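Everything on this sheet refers to the single structure shown next.
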Amino acid sequence: MTIEQTLAGKTKEALQTLYGVELDKIAFEKTNPDFEGDFTLVVFPFLKVSKKKPEETATEIGTYLKENTSEIASFNVVKGFLNLVISDSYWLNYFKNINGKSLIDATLPSDAPTVMVEYSSPNTNKPLHLGHVRNNLLGYSVSEILKAAGNNVVKVNLVNDRGIHICKSMLAWQKWGNGETPASSGLKGDHLVGKYYVEFDKHFKQEIESLVNQGKTKEEAEKQASLMLEIQEMLRKWESGDKATRELWEMMNGWVYTGFESTYKMLGVDFDKTYYESNTYLLGKDLIEFGLSKGVFKRRADNSVFIDLTEDGLDEKTLLRGDGTSVYMTQDLGTATKRAEEINFSKLIYTVGNEQDYHFKVLFLILNKLGYEWAKGLYHLSYGMVELPNGKMKSREGTVVDADELMQEMIATAAKTTKELGKAEGLSEDEANQLYANIGLGALKYFMLKVDPKKKMLFNPEESIDFNGNTAPFIQFNYVRIKALLRKAKDGLDNFNDIDVFTHNVNLLKKEKELIIKLYQFNGVLQQAANEYNPALIANYTYELAKEYSQYYHDTPILKESEKDLILFRLHLSKTIGIALKSSMGLLGITMPEKM
RNA sequence: GGUUCCAUAGCUCAGCUGGAUAGAGCAACUGCCUUCUAAGCAGUAGGUCUUUGGUUCGAAUCCAAAUGGGAUCACCA
């Protein structure tokens with residue numbers, strides 16, 4: 001039972017005894033820092049039943065609670081606010097129980113629900129950019145959070161490895177590539193393929209322009225352009241399994257996968273299972289018959305199949321073309337069904353940008369209409385776009401921030417700053433490089449994850465991502481200071497692990513109590529982050545913990561304290577906070593250095 | 001145009017299911033390293049929470065409208 005639950009129960013009792021009413025909705029909140037207390041009860045809602053002034057009501061309830069709850073040391077009343085002070089011994093006892101332990105219980109219960117998280121889902125025609133970075137970090141972090149909250153998580157990637165856009169890169173390479181390979185050019189595979197995607201677009205635009213100059217409309221030109229006809233032909237060949245086309249496709253996709261692999265590794269993300277659209281794009285056609293037989297889908301005169309969603313405030317959605325080929329939606333219907341057959345998930349989370357809100361609304365609605373029980377567990381983790389100062393990123397216009405370049409820049413900046421501060425001294429080259437990566441990538445990850453996923457975010461390439469203030473390096477810095485303290489303590493104190501300290505009566509400093517309360521809050525934050533699929537809550541929590549510790553560290557002697565019991569207590573407190581910081585940052589995919 | 005999301009300090013963002021004087025960081029200005037790591041700490045300044053109505057004892061938070069901005073509305077993915 002949490003302390004809040006205890007307080008709520010006692011308050012219910014108080015209202016019963018004092019005013020003879022039974023109320024269920026009783027919530028305590030953190031006391032505003034400007035007032036004395038740990039938890040606050042707002043008594044305005046009870047005035048109707050108490051029929052007394054706010055102050056009087058609060059005092060009556062406070063008196064009852066103080067007399068009947070051993071955890072409450074004292075209370076005070078300000079207007080309609082009843083502030084309760086919880087006794088130091090309660091907090092000290094709580095701390096004793098978590099001392100030296102991780103706040104995350106890593107063992108999963110045997111009946112843990114399975115949650116499938118899909119994220120990343122790249123196209124194989126171009127390298128990853130900043131938008132993908134947000135997607136990957138979010139998907140990975142949400143997976144870690146769900147695991148920590150007691151779920152069995154399956155991370156999956158659905159690679160979009162086929163289609164007209166892939167043919168663009170292939171055709172351009174064939175025409176203008178001169179046999180260039182990653183080995184011959186020294187280019188990373190995904191960047192090489194992306195180069196030809198851009199190349200195609202350049203030539204295509206030129207062709208359109210000349211056709212328009214010959215008097216055609218833009219639409220006609222786009223349909224009649226020889227390049228357009230060629231990639232369409234290429235796609236047909238691919239679909240019919242033409243050997244040469246398939247070989248080219250496999251070779252170029254192979255380059256891309258090698259490239260992606262290193263980007264993923266650098267980002268620190270991974271997957272339990274990878275699906276390829278080339279294997280799933282034909283799925284969903286069986287579903288059409290099923291839907292038709294259930295009367296959920298309908299057939300038009302031209303033989304195309306659709307679902308009428310106008311009653312749900314949406315439009316008609318085509319699911320099968322007149323020629324019998326499927327569309328994106330059909331594919332997603334089929335893939336979802338396949339996954340449900342393979343794995344008995346309680347939830348399936350799609351980490352996809354909010355530009356596809358409509359698509360997922362329709363997808364989920366259709367699956368529910370088809371009567372699948374598991375469809376109730378589908379969730380679109382819809383995140384906002386990453387925007388540049390001049391608007392949205394557009395790959396074809398070259399206004400993208402490349403993921404690999406960005407990461408390299410972050411690491412280089414971290415290296416420069418670390419050297420300037422003289423903090424790389426005494427490290428081997430490997431250690432130093434590891435440190436730069438931890439700091440640079442930590443800063444990047446924290447920067448992207450501290451923002452509410454639902455909201456769009458701005459990235460200004462002109463301003464480098466900060467290393468001061470509300471950032472990962474600040475949190476890492478506080479962790480490192482703790483580690484340094486513990487190293488020194490080990491040299492000077494032979495019985496650091498002496499737990500006897502807790503049998504003594506330690507008088508908690510105000511900040512010490514606040515830190516323990518902060519640790520206490522972790523579980524609630526984790527639960528909320530898991531329920532809302534929101535890593536930003538973890539990021540903000542971790543920053544607050546680090547910030548409070550930083551103040552504590554600054555103001556309070558730890559090793560320099562003269563009383564040994566206090567030294568031990570403060571070291572234990574520091575150590576536990578260090579563990580909390582590390583595991584919390586781990587949920588964001590951020591690694592803590594030992595020294596910096 | 002239909003649907004939908006958003007609007008908080010100069011900038012980037014917090015503000016939990018309505019609660020006390022709206023908070024951080026950056027940028028600006030002041031102090032503080034012979035003292036456990038100054039990527040730090042403390043302080044000053046900066047706000048009509050886009051606007052107008054409504055609900056309520058109480059609204060940045062809930063409802064409605066207006067204004068501004070984004071997304072989406074393919075037999076594309």
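Quick caveat, the model's predicted, so the values are computed rather than measured. In the text below, chain A, chain B and the rest are named by the order of the sequence lines, each starting its count at 1.
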Note to self: Rounded to whole Å, how long is the line connecting atom CD of A/E387 with atom C1' of B/rC5?
What the structure shows: 12 Å

Check: Base, sugar-phosphate, or nothing for A/N160, non-hydrogen atoms under 4.0 angstrom?
Finding: sugar-phosphate

Margin query: Tell me whether the side-chain N/O atoms of A/R481 come closer than 4.0 Å to OP1 or OP2 in B/rA38.
Written below: yes

Item checked: Note: A/R570-A/E561 ion pair, threshold 4.0 Å (strictly below) -> yes

Checklist line | A/D201 bridged to A/K205 by N-O distance under 4.0 Å | finding: yes

Note to self: If the cut-off is 4.0 Å, is A/Q551 near the phosphate of B/rA42, judged by side-chain N/O to OP1 or OP2?
What the structure shows: yes

Notebook entry, point to check: In whole angstrom, what separates A/F81's CZ from B/rA20's C1'?
Noted result: 4 Å

Checklist line | Side-chain donor/acceptor contact of A/T318 with base of B/rA74 under 3.5 Å | finding: no

Item checked: Integer-rounded Å distance: B/rA24 C1' and A/I475 CD1 -> 12 Å

Margin query: Suppose we call a contact any N or O donor and acceptor under 3.5 Å apart; does that hold for the side chain of A/T418 and the base of B/rA39?
Written below: yes

Margin query: Quick check on B/rC11: syn or anti? Syn means the glycosidic torsion is within 90 degrees of zero.
Written below: anti

Check: Reckon A/D466 touches a base, only the sugar-phosphate, or nothing at all at heavy-atom distances under 4.0 Å?
Finding: sugar-phosphate

Item checked: Distance flag, aromatic centroids of A/W249 and A/Y276, threshold under 6.0 Å -> no

Notebook entry, point to check: Are the ring of A/F477 and the base ring of B/rG40 both nearer than 5.5 Å at their centres and tilted by less than 30°?
Noted result: no

Next item on the list: Taking atom C1' in both B/rG19 and B/rG15, compute the distance separating them and give it to the nearest angstrom.
Entry: 13 Å

Note to self: Contact between A/M596 and A/T418 at the side-chain level, heavy atoms closer than 4.5 Å - yes or no?
What the structure shows: no

Notebook entry, point to check: Within the modelled atom types, does a donor on one side and an acceptor on the other bring the side chain of A/K423 and the base of B/rU37 under 3.5 Å apart?
Noted result: yes

Note to self: Any side-chain N or O of A/N468 below 4.0 angstrom from OP1/OP2 of B/rG40?
What the structure shows: yes

Check: Could you give the OH-to-P distance, from A/Y549 to B/rA39, as a whole number of Å?
Finding: 16 Å

Next item on the list: Verify the ring-centre separation between A/F467 and A/F474: is it less than 6.0 angstrom?
Entry: no

Next item on the list: State whether A/E514 and A/K510 are salt-bridged, where the test is any N-O pair (Lys NZ or Arg NE/NH1/NH2 against Asp/Glu carboxylate O) under 4.0 Å.
Entry: yes

Notebook entry, point to check: If we require ring centres under 5.5 Å and near-parallel planes under 30°, does A/F44 stack on B/rG19?
Noted result: yes

Next item on the list: Go along nucleotides 9-16 of chain B 5' to 3' and tag each nucleotide: B for a protein heavy atom under 4.0 Å from its base, S when only backbone or sugar atoms are that close, - otherwise.
Entry: ---SSS-S

Check: Contact class for A/P54 (heavy atom, under 4.0 Å): base, sugar-phosphate, or nothing?
Finding: nothing

Next item on the list: Using heavy atoms to find the nearest nucleotide of RNA chain B for A/L314 and A/L421 separately, return the residue whose nucleotide is more 5′.
Entry: A/L314

Check: Cationic tip of A/R481 within the cone over A/Y553's six-membered ring, i.e. under 6.0 Å and within 45° of the normal?
Finding: yes

Next item on the list: Classify the nucleic acid contact of A/G322 as base, sugar-phosphate or nothing, counting any heavy atom under 4.0 Å across all strands shown.
Entry: base

Notebook entry, point to check: Between B/rC36, B/rA20, B/rA77, which nucleotide has the shortest distance from any of its atoms to the side chain of A/H359?
Noted result: B/rA77

Next item on the list: Find the distance A/Q356:CD to B/rC5:C1' and express it as a whole number of Å.
Entry: 16 Å

Checklist line | 5' precedence on RNA chain B between A/T417 and A/T556 (nearest-nucleotide basis) | finding: A/T556

Next item on the list: State the pairing partner of B/rC26; accept Watson-Crick or G-U wobble contacts with both distances under 3.5 Å, and report none otherwise.
Entry: B/rG10

Notebook entry, point to check: Over how many whole Å does the gap from A/Y553 atom OH to B/rC36 atom C1' extend?
Noted result: 4 Å

Next item on the list: Classify the nucleic acid contact of A/N531 as base, sugar-phosphate or nothing, counting any heavy atom under 4.0 Å across all strands shown.
Entry: nothing

Margin query: Assess the residue pair A/E118 and A/Y275 against the criterion (side-chain hydrogen bond (donor to acceptor under 3.5 Å, both in side chains)); give the C-alpha distance rounded to whole Å, side-chain angles, the decisive distance to 0.1 Å, and a yes or no.
Written below: CA-CA 10 Å; A/E118 179 192 299; A/Y275 293 88; over 6 Å; no

Check: Is A/R236 paired with A/E239 through a side-chain N to carboxylate O contact shorter than 4.0 Å?
Finding: no

Margin query: Taking the ring centre of each residue, are A/F360 and A/Y350 less than 6.0 Å apart?
Written below: yes

Item checked: N/O (side chain, A/S550) to phosphate O (OP1/OP2, B/rC41) under 4.0 Å -> yes

Check: Can the positive tip of A/K126 be found less than 6.0 Å from the middle of the six-membered ring of A/Y197, inside 45° of the ring normal?
Finding: yes

Next item on the list: Scan residues 324-331 of chain A against RNA chain B and write down, sorted by residue number, each residue with any heavy atom closer than 4.0 Å; if none is found, say none.
Entry: A/V327, A/Y328

Checklist line | Whole angstrom value for the distance that separates C1' of B/rA77 from CG of A/L283 | finding: 16 Å

Check: OP1, OP2 of B/rC57 versus side-chain N and O of A/K48: anything below 4.0 Å?
Finding: no

Next item on the list: Report yes if a donor N or O on one partner sits less than 3.5 Å from an acceptor N or O on the other, where the partners are the side chain of A/D332 and the base of B/rA77; otherwise report no.
Entry: no

